[in-house]
Number of protein chains: 2
Amino acid sequence: MTDTTTINPSAERIVFAAAELFRRQGFAATGLKAIATEAGLPIGSIYHHFPGGKTELGETVIRITGAGFQELVETIIDAGTNLVSGIDDAFAGAAATVEASDYADACPIATLALEIASTNEPMRQASDRAFTGWIDALTGRIEAAGCDRKTARATAISVLSLLEGAFLFSRASRSVEPLHAAGTSAVALVRAAISD
Amino acid sequence: MTDTTTINPSAERIVFAAAELFRRQGFAATGLKAIATEAGLPIGSIYHHFPGGKTELGETVIRITGAGFQELVETIIDAGTNLVSGIDDAFAGAAATVEASDYADACPIATLALEIASTNEPMRQASDRAFTGWIDALTGRIEAAGCDRKTARATAISVLSLLEGAFLFSRASRSVEPLHAAGTSAVALVRAAISD
DNA sequence: GTCTATAATTTGATAGAC
DNA sequence: GTCTATCAAATTATAGAC
């Protein structure tokens, strides 16, 4: 399973069904049978498209949804009149999405990544690649806004850490207060970084 | 299961065994049989001490380890010459612990909290209570250092979000860079908050 | 309180017909 | 490629002897 450019074949339906269940229930708690049912296919189809079983499916879900989340955030940030307001918009959008989904849909891969970090090396590497993509993309934008590369990278990691931590606290408390507080702090950090 | 003041009875052994396995493998991936084996007891003992089954055990683990983590962080912060250097020490200590455990031991409840946030209300409330304790404790210290209550709370939430997000990125990348970057940003946020 | 045995269900995975 | 049937193992949970 390498490409996802084809339009709505079975493999894609499986990936999207798995992504939704993994995000809401976690990786270990989601059975392949539940994924097959949600995708409207028998379980044999999963093994046809993902011979590596649950781990290969997990890797694919992390890669696809990680790239999708990055693209979404990049689009919001780049639509802002400048980097600072773009980041402000990203946190506000995250808060709106989390609230609209009744605190179910936050980061598409954080739960998976924590579950398997110490027990499944292929999936851990997939999550690392996804996060690295996010960090590099944000680092480039902060650097371009006027900041040395080292500070830009540390700031990018901090902004994304604020987002991930706030996702956790928002889901646990069923409140968007953490995302608003973290957004304010992220804006302050970026403003300070590019005004040096 | 309410108290844990008694010295090393079976219930306590069960809680500690479960805490270690939950932290490293997650909640759903850890079976009660594995917990019983790790605790050196038969599975029947778990149901004797925790009639509510896995959920009641999960709630207890969250409560106990959440309180323990709070106490640990408070001790480190309060040992610093001032709040800012105390927070710096806390992030440095977290990085050292994560690295020493080969990137297995980070936040004791984050993985659990994300796994069950949308599917197990008693456990979700337990995680919310634990996080609220951390936020309140840090808010009080920032306020005492010279800051209005509203800013202190937003800063506390941001500092803890930085820590949680950095835990995630550190485990996924098997690197302490995120914890160092987040620590630097946390120090900057607190410094700015108390110098208003 | 401890421990054994077991029920009922679900898990990931495989084989093979179509 | 699709789908059915099935396996061996693991899951939570319970009943009851000691």
Side-chain angles (χ1 to χ4, degrees), chain A residues 1-19 21-22 24-62 111-112 115-116 119-123 126, chain B residues 1-19 21-22 24-62 111-112 115-116 119-123 126:
Chain A
M1 179 59 200
T2 300
D3 73 320
T4 51
T5 54
T6 40
I7 300 176
N8 224 16
S10 297
E12 195 168 345
R13 297 235 311 278
I14 292 167
V15 169
F16 285 138
L21 292 172
F22 287 165
R24 303 196 178 213
Q25 312 175 349
F27 181 73
T30 302
L32 294 180
K33 281 180 181 165
I35 294 170
T37 299
E38 180 83 6
L41 291 165
I43 190 169
S45 291
I46 295 182
Y47 283 93
H48 172 75
H49 293 287
F50 303 91
K54 202 179 188 185
T55 289
E56 187 184 347
L57 177 57
E59 289 180 70
T60 305
V61 166
I62 288 172
T111 310
L112 288 268
E115 278 186 271
I116 53 74
T119 55
N120 187 316
E121 184 63 11
M123 283 182 65
Chain B
M1 179 59 200
T2 301
D3 72 321
T4 52
T5 55
T6 41
I7 302 178
N8 223 18
S10 297
E12 195 167 345
R13 296 235 308 281
I14 293 168
V15 169
F16 285 139
L21 292 171
F22 287 165
R24 303 195 179 215
Q25 312 175 348
F27 181 73
T30 301
L32 294 180
K33 279 181 181 163
I35 294 169
T37 299
E38 180 85 4
L41 292 165
I43 191 169
S45 291
I46 295 182
Y47 283 93
H48 173 74
H49 294 286
F50 303 90
K54 201 180 189 186
T55 289
E56 186 184 347
L57 177 55
E59 287 181 72
T60 305
V61 166
I62 288 172
T111 310
L112 289 267
E115 279 186 271
I116 52 73
T119 56
N120 187 317
E121 184 62 10
M123 283 183 65

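Chain letters run A, B, ... following the sequence lines, proteins first, then strands; residues in each count from 1.
Taking the side chain of B:His49 as heavy atoms from C-beta on, and the options D:dT14, C:dT2, C:dT14, the nearest nucleotide is C:dT2. Considering only side-chain atoms of B:Leu32, the nucleotide from C:dA13, D:dT12, D:dC3 that sits closest is D:dT12. Considering only side-chain atoms of A:Pro42, the nucleotide from D:dT4, D:dT12, C:dC3 that sits closest is D:dT4. When the nucleotides D:dC3, D:dT12, C:dT14 are ranked by their closest atom to the side chain of B:Lys54, D:dT12 comes out on top. When distances are taken from the side chain of A:His48 to each of D:dT12, D:dT2, D:dA5, the shortest belongs to D:dT2. You'll find that the side chain of B:Lys33 is closest to D:dT11, out of C:dT2, D:dT11, D:dT2. Between C:dT2, D:dA5, D:dA13, one nucleotide has an atom nearer to the side chain of B:Ser45 than all others, and that is C:dT2.
Of the side-chain N and O atoms in A:Ser10, one or more sit less than 4.0 angstrom from OP1 or OP2 of D:dT2.
Between A:Ile14 atom CD1 and D:dT2 atom P there is a gap of 8 Å when expressed in whole angstrom units. Distance CD (A:Glu12) to C1' (D:dG1): 17 Å, rounded to an integer number of Å. Atom P of nucleotide C:dA7 and atom OH of B:Tyr47 are separated by 17 Å, given to the nearest angstrom. Nucleotide D:dT12 holds its P atom 15 Å from the CD atom of B:Glu56, rounded to whole Å. The distance from atom CZ of A:Phe50 to atom P of C:dT14 is 16 Å, rounded to the nearest whole Å. Atom CD1 in B:Ile43 sits about 8 Å away from atom C1' in D:dA13, given to the nearest Å. If you take CG of B:Leu21 and P of D:dT11, they are 11 Å apart, rounded to a whole angstrom.
In terms of position on DNA chain D, the residue among A:Leu41 and B:Thr30 whose nearest nucleotide sits closer to the 5' end is A:Leu41.
Heavy atoms only, all atoms of each residue included: A:Ala18 and A:Val61 are closest at CB-CG2, 3.8 Å. Considering all non-hydrogen atoms of both residues, B:Ile43 and B:Leu32 come closest at CD1-CB, 3.9 Å.
Applying the side-chain hydrogen bond (donor to acceptor under 3.5 Å, both in side chains) criterion to A:Glu121, with sequence neighbours excluded, gives A:Arg124, A:Gln125.
Expressed to the nearest 0.5 Å, how far OG1 of A:Thr60 lies from CD of A:Glu12 amounts to 12.0 Å.
Residue-level contact check: A:Thr55 touches neither bases nor backbone, having no heavy atom under 4.0 Å from any strand.
Both tests hold for B:Lys54 against B:Phe27: distance to the six-membered ring centre under 6.0 Å, angle to the ring axis within 45°.
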